[in-house]
Protein chains: 2
Amino acid sequence: MLYAGFMSAALPSFPQPEESLGTPPVLDVGTASDEPCLRADAARNRARLLEAASRLIAEHGAAGVTMEAVAAAAGVGKGTVFRRFGDRTGLLLALLDHSARTLQADFMGGPPPLGPGAPPVDRLRAFGLAVLYRYVEQLDLQLAAQPEASRRFAHPFQQALQTHVTMLLRQIRPGADCELLAHTLLASLDPALISHLTRQRGMPLERLEKGWVDLVARVTGTDV
Amino acid sequence: MLYAGFMSAALPSFPQPEESLGTPPVLDVGTASDEPCLRADAARNRARLLEAASRLIAEHGAAGVTMEAVAAAAGVGKGTVFRRFGDRTGLLLALLDHSARTLQADFMGGPPPLGPGAPPVDRLRAFGLAVLYRYVEQLDLQLAAQPEASRRFAHPFQQALQTHVTMLLRQIRPGADCELLAHTLLASLDPALISHLTRQRGMPLERLEKGWVDLVARVTGTDV
DNA sequence: AATGAAACTGGACCGCAGTCCGCTTAGGAT
DNA sequence: ATCCTAAGCGGACTGCGGTCCAGTTTCATT
């Protein structure tokens, strides 16, 4: 592809045990956590696959992650990859899962201003910046993991963001169409847009930050 | 890859002659209108391909438009389709070309409030609604014609929208980061988002309209 | 320990987007 | 009318995402 560079998963958390046999990579491959309970062999293969995928990304960029290559690198059949992750998007999203959960935990239960305790406007401002940082940090992967248009908003994590923003907006502008407004705000944080602005247009991150802060101020009717 | 730059530069073009082809399609299959001058056989094939594509869409929906099917239906080889339109997205975009040009002509040189003559805020409001209507009207095709993430904003027509909104914003809020703000506003009109809101969420069009009007009011600091 | 069935596996298979390259043809120049 | 060459052509080919299904493995039950 075009840009070789890539960022390894950039997850804040971790100390993982050294890799030995079926365990952990750079990316947190954590527990399935939504998959109720995997059969032992399935769990082992899942871990192998995620590990292989993150290695391939590190080596060849997100574009180099073909399903066959991942399967081969993990020493399993291609069908297994699809059974476990549904499709390519599902695999890539799984790689981002830990980071997504961390963010979600932060804005739902972490310390202010992101978490509860701060005024809603402050939380909203902090929320956008947090999302922005996360996306910028993982831009290539975020881009590659972008599902097809019609499913983009259906993913549970996306819905969680949506719900959270809606909730904050309701506290700030009870009279407004907060659901719709939330979608609008989130649309301005779209990874594809961020990528375009920073790469094609060369806008520095600070400009995007200011843009978000200004947008929030305007939309909520508060001062910058 | 340098496929002939088939799409237009962003210059205003004018109402094209009425199209009369076999089917009276919603879609215009009109003349190339910008391609310097195609060899006779190439021009003929181009027309055949567009006609075939629009027929296939009518029959099987946008998803049924495979490059091979279009080529076969038009009685040409597959390579010809790619040579002419670059890729699938290019073909679908070409089908939308006339409608795009019309809109562009309208907001650049048409009657107010869309065209020049009305106050910038009114123009901006009208602009968003016009875009909204156009997208809703052609949702499936717009969705299918959505290029891969990294190219979404690179298309000349998209740039034209961007430039126009930026220009209007500069007249309304000279101090603001109008370029960035323009991207934000346009992001809220993304076909994928519109599709999600209207189809998955079941929001009626009127709600989206109100949303846009409200957003414009907020962002420009004017009254609703 | 034996058993049965659900869960899992892997690789052959399919359809489609996109590339390649040798052949054909349009159409200007002479 | 003839020639010349760039433009156009088409279909074989590649690579990938995704499906399918016959065979294998796990594990709860007895």
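A, B, ... follow the sequence lines: proteins, then strands. Residue 1 opens every chain.
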Query raised in the report: What string of B, S and - do you get for nucleotides 17-26 of chain D, 5' to 3', if B is base contact, S is sugar-phosphate-only contact and - is no contact with any protein heavy atom under 4.0 Å?
Result: BBB-----BS
Report the residues that fulfil salt bridge (Lys or Arg N to Asp or Glu O under 4.0 Å) with [X], sequence neighbours left out, ordered by chain and then residue number.
{"X": "A:E68", "value": "A:K78"}
{"X": "B:R39", "value": "B:D41"}
{"X": "A:R151", "value": "A:D87"}
{"X": "A:D106", "value": "none"}

Expressed as a whole number of angstroms, how long is the span from [X]:[atom1] to [N]:[atom2]?
{"X": "B:R46", "N": "D:dA7", "atom1": "CZ", "atom2": "C1'", "result": "16 Å"}
{"X": "A:L91", "N": "D:dC16", "atom1": "CG", "atom2": "C1'", "result": "14 Å"}
{"X": "B:R84", "N": "D:dA7", "atom1": "CZ", "atom2": "C1'", "result": "9 Å"}
{"X": "B:N45", "N": "C:dT24", "atom1": "CG", "atom2": "P", "result": "17 Å"}

Query - Counterpart residues, side-chain hydrogen bond (donor to acceptor under 3.5 Å, both in side chains), relative to B:Q158 (two or more places apart) - result: none
Query raised in the report: Can you name the side-chain hydrogen bond (donor to acceptor under 3.5 Å, both in side chains) partners of B:R44, sequence neighbours left out?
Result: none
Query raised in the report: Has B:T80 got a side-chain N or O lying under 4.0 Å from the OP1 or OP2 atom of D:dG8?
Result: no
Query raised in the report: Among residues 70-77 of chain A, which residues get a heavy atom nearer than 4.0 Å to DNA chain C?
Result: A:V76, A:G77
**Report entry** Qualifying salt bridge (charged side-chain N to carboxylate O under 4.0 Å, His left out) pairs with a residue from residues 138-147 of chain B, counting only residues at least two apart or across chains
**Finding:** B:D140-B:R199
Requested in this report: Check whether any side-chain heavy atom of B:F157 lies under 4.5 Å from a side-chain heavy atom of B:Q104, and answer yes or no.
Outcome: yes
